[in-house]
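All remarks here apply to the structure that follows.
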Amino acid sequence: MLKLISYIAIILIGTACSSDKDNYVPIENKKLEFTIPSNFPDPTYNIALNPPTEKGFELGKKLFYDGRLASDGVISCGFCHIQDFAFTHHTHIVSHGVGGALGTRNAQPLHNMAFMKEFTWDGAAMHLDLQPIIPITAEVEMNETFNSILKKLEEQPEYVKLFAEAFEDQKINSDNMLKAISQFMIMMISANTKYDKIERNEGSVFTVEEAAGFELFKTKCASCHKGTLFTDQSYRNNGLPIDPQYNDIGRKRVTGLTEDMQKFKVPSLRNIELTFPYMHDGRLKTLDDVLNHYSDGMVDSETLDPLFKNQNGTLGIPMTTEEKQQIIAFLKTLTDDDYVNDTRFSEF
Ligand code: HEC
Ligand code: HEC
C-alpha cells in the first residue's frame, strides 16, 4: 500500500514536472539592435548593463502608456509626453498631472535620452533608470507609490507574462519596471532630420536661408547648444527674469550653491519646432519670442552667463530681424518627422 501511494506520488510529481516541461516554451526574447547614428557621440547610458530586448522594450512601452502608474489610473507618462510633439505636453505651459494639479515646469521632450548625462531642467535625476521615480511619486504628476503600482501590475496576467519574458529573474519589481522603461526610452533616438542627412552626406542640401542661419547659429548659439545633440549639457542662466509665481531657483535646488541660482540645463534644440512653448516654464510661445528674448529681453543677475554680457555694456545676442529669421529657418531643419511618426514608439 505504502508502495502504491509513493508510486502514485511519484507519478503525480513526475507528471507535474513533465507537464511543466511540456508547456515550457523557450522564451524568444531577442536583443534589439541599439545603433548609434554615425554623426552621434557614444551613449552615456551603459547599454551593456541593461541591453534593450524585444520583450523589455514592449514592457517598457506598455508601462509608459499605462495610467496604472498614476494614482488616478489616467495620467500615464505618455499623457505629458506626446509623440506628435516630440514627447512634450502640447498646449501646456507647465505640465498638469493627477486631479489637474499644476506643476511648475514645462515637460521636456524625450529623444536621445541614452546620450544625456543628467535629467530634468535642473539635473535632479543623475541616471535615466531613476528619472521616472520623480514623476511617479510627485503629488502634482502621478502621485503614486511603487508598492501600489506593483500590486496593480501583479493583478494583470499580461504584465505577469511580460515581466517573466523580459527579465531572467521573471520578477515584477520596481527595479525591472524602471529597467524596462529605460529600455523603451534608450531606443528613442531622433537622428533623421534634414540637418542629420546633410551632416551624413545623405543627399540633402540647406536652402540659402537655412545655410545662412546655420552659420549664424554656429557663432551665436553653438557655444551652449553644442554639437550634434545641440547641448553641452551644462547649466546656465540665459537671462530669463525669475517668475514670482513659481520662484524656480533652477540648478541651485540640486546643488544648494548660490552660483547655481537660476541656472537650467541647456536644452537640446532637436525637434524644437514641435516642442513649444519654450523654456523651463514654457513662458515663451514661439521661436520668434525666443529670438527676441536673446536679442532684447535679457535681465541681468549675478549668475547671468558671461557670454551674454557685451563689451559695450549691453546684454544679449545682437541680431537683425533678417538674421533671426535665418536662424529660425535653420532650427526648423532639426525637425524629425520620421521620429514623431515612428510607430515603434506610438501608443497604438
Ligand atoms: C504630469 C506630467 C508628466 C508626467 C506624467 C511625466 N512627466 Fe516626464 N517630465 C515632465 C516635466 C514637467 C519634466 C521636466 C521636469 C523638471 O525639470 O523638473 C519631465 C522630464 C522628464 C525626463 C527628463 C528629460 C530630460 O531631457 O532630462 C524624462 C526622461 C521623463 N520626464 C520621463 C518620464 C517618464 C518615463 C514618465 C512616466 C513614468 C514621465 N516622464 C511622466 C512631465 C511629466
Ligand atoms: C550661454 C548659453 C546659451 C546660448 C549662447 C544660447 N542659449 Fe538657448 N538656452 C540656454 C539655456 C540655459 C536654456 C534654458 C533656459 C531656461 O529654460 O531657463 C536655453 C533655451 C533655449 C530654447 C528653448 C528650448 C526649449 O526646449 O524650451 C531655445 C529655442 C534656444 N535656447 C535657442 C537658442 C538660440 C537660437 C540661440 C542663439 C541665438 C541660443 N539659444 C543661445 C543657453 C544658451
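Just follow the structure's listing: the first ligand is 1, and inside any ligand the first atom is 1.
Less than 4.0 angstrom separates some heavy atom of L307 from each of these atoms of ligand 2: 1 (C). Within ligand 2, the atoms closer than 4.0 Å to a non-hydrogen atom of L240 are 16 (C), 18 (O), numbered from 1 in the order shown. When each atom of ligand 2 is checked for a heavy atom of D305 under 4.0 Å away, the hits are 1 (C). Near S76, with a cut-off below 4.0 Å to any heavy atom, the atoms of ligand 1 are 5 (C). Close contacts of ligand 1 with I181, meaning ligand atoms under 4.0 Å from a residue heavy atom, involve 35 (C). Here is the list of ligand 1 atoms found below 4.0 Å of a heavy atom in I75: 5 (C).
Any N or O atom pair closer than 3.5 Å counts here, and T120 shares at least one such pair with ligand 1. Polar contact check, R253 against ligand 1: no nitrogen or oxygen pair lies under 3.5 Å apart. For K220, no nitrogen or oxygen atom sits less than 3.5 Å from a nitrogen or oxygen atom of ligand 2, counting backbone and side chain alike. Note: an N/O pair closer than 3.5 Å links W121 and ligand 1 by distance alone. Considering backbone and side-chain atoms together, R105 places an N or O closer than 3.5 Å to an N or O of ligand 1. Where the criterion is an N or O separation shorter than 3.5 Å, residue side chain and backbone included, I272 fails it with respect to ligand 2.
Looking at atom 37 (C) of ligand 2, its nearest protein heavy atom turns out to be C221 SG, 1.9 Å. Given atom 28 (C) of ligand 2, the protein heavy atom at minimum distance is L269 CD2, 3.6 Å. Of all protein heavy atoms, the one closest to atom 14 (C) of ligand 2 is P267 CD, 3.5 Å. Nearest non-hydrogen protein atom to atom 39 (C) of ligand 1 is P135 CG, 3.5 Å. When only non-hydrogen protein atoms are considered, atom 2 (C) of ligand 2 lies nearest to C224 SG, 1.9 Å. Atom 15 (C) of ligand 2 has as its closest protein heavy atom N238 OD1, 3.4 Å.
Within the 2.8 Å limit, H81 places at least one N, O or S atom next to atom 8 (Fe) of ligand 1.
With ring centers used as reference points, H127 lies 6.0 Å or more from F119. Ring centers of F345 and Y339: under 6.0 Å apart, within the cut-off. Taking the six-membered ring for Trp, Y65 and H81 have ring centres at least 6.0 Å apart.
Cation-pi contact between K218 and F214: present, with separation from the ring centre below 6.0 Å and deviation from the ring axis of at most 45°. Cation-pi geometry between K62 and Y159 is met: the NZ or CZ atom falls under 6.0 Å from the ring centre, inside 45° of the normal.
When heavy-atom distances to ligand 2 are checked against a 4.0 Å cut-off, K263 has no atom that comes that close, whether in backbone or side chain. With a 4.0 Å cut-off on non-hydrogen atoms, L63 does not touch ligand 1 at all.
Under the 4.0 angstrom criterion for non-hydrogen atoms, A125 is not in contact with ligand 1. Contact analysis leaves M116 out of contact with ligand 1, as no non-hydrogen atom separation drops below 4.0 angstrom. Under the 4.0 angstrom criterion for non-hydrogen atoms, F276 is not in contact with ligand 2. A heavy-atom separation below 4.0 Å is not found between V94 and ligand 1. Put simply, no part of K265 is less than 4.0 Å from ligand 1, judged by heavy atoms.
In this structure, I75 CD1 and E141 CD are separated by 10.0 Å, a value rounded to the nearest 0.5 Å.
The residues K194 and E210 are annotated as salt-bridged, a charged nitrogen and a carboxylate oxygen being separated by less than 4.0 angstrom. Between D122 and R251 no salt bridge is recorded (no basic side-chain N to carboxylate O distance below 4.0 Å). Between K61 and E58 there is no salt bridge, since none of the side-chain N atoms of the basic residue sits less than 4.0 Å from a carboxylate O of the acidic one.
Paired with R270 under the rule side chain to side chain donor-acceptor pair (under 3.5 Å), one option of D196, T335, T231 passes, and it is D196. Applying ring pair (Phe, Tyr, Trp, His ring centres under 6.0 Å) to F217 and the options Y195, Y294, F230 leaves one that passes, F230.
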Handout entry: Residue pair D300, K309: steps toward the salt bridge (Lys or Arg N to Asp or Glu O under 4.0 Å) verdict
Key = CA-CA 9 Å; D300 203 0; K309 298 188 181 185; 3.5 Å; yes
Practice task
Could you walk me through whether K151 and E155 pass the salt bridge (Lys or Arg N to Asp or Glu O under 4.0 Å) test, one step at a time?
Solution key: CA-CA 7 Å; K151 255 194 225 132; E155 287 163 8; over 6 Å; no
Problem - Residues K171, D169; criterion salt bridge (Lys or Arg N to Asp or Glu O under 4.0 Å); working and verdict - result: CA-CA 5 Å; K171 286 194 179 126; D169 66 12; 5.0 Å; no
Practice task
Determine, step by step, whether K197 and E202 satisfy the salt bridge (Lys or Arg N to Asp or Glu O under 4.0 Å) criterion, reporting the C-alpha distance in whole Å, the side-chain angles of both residues, the deciding distance to 0.1 Å, and the verdict.
Solution key: CA-CA 5 Å; K197 289 174 191 162; E202 290 171 6; over 6 Å; no
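Side chains of M126 and L130 form no contact here, defined as non-hydrogen atoms less than 4.5 Å apart.
Selection from S95, C80, G67 by nearest heavy atom to atom 1 (C) of ligand 1 gives C80. Looking at F264, Y294, Y235 and measuring to atom 9 (N) of ligand 2, the nearest heavy atom belongs to Y294. Among R236, M279, H280, H293, the residue whose heavy atom lies closest to atom 22 (C) of ligand 2 is M279. Of the listed options Q108, H111, H92, H96, Q108 places a heavy atom closest to atom 25 (C) of ligand 1.
Taking the six-membered ring for Trp and thresholds of 30 and 60 degrees, F264 and W121 have ring planes more than 60 degrees apart, a perpendicular arrangement.
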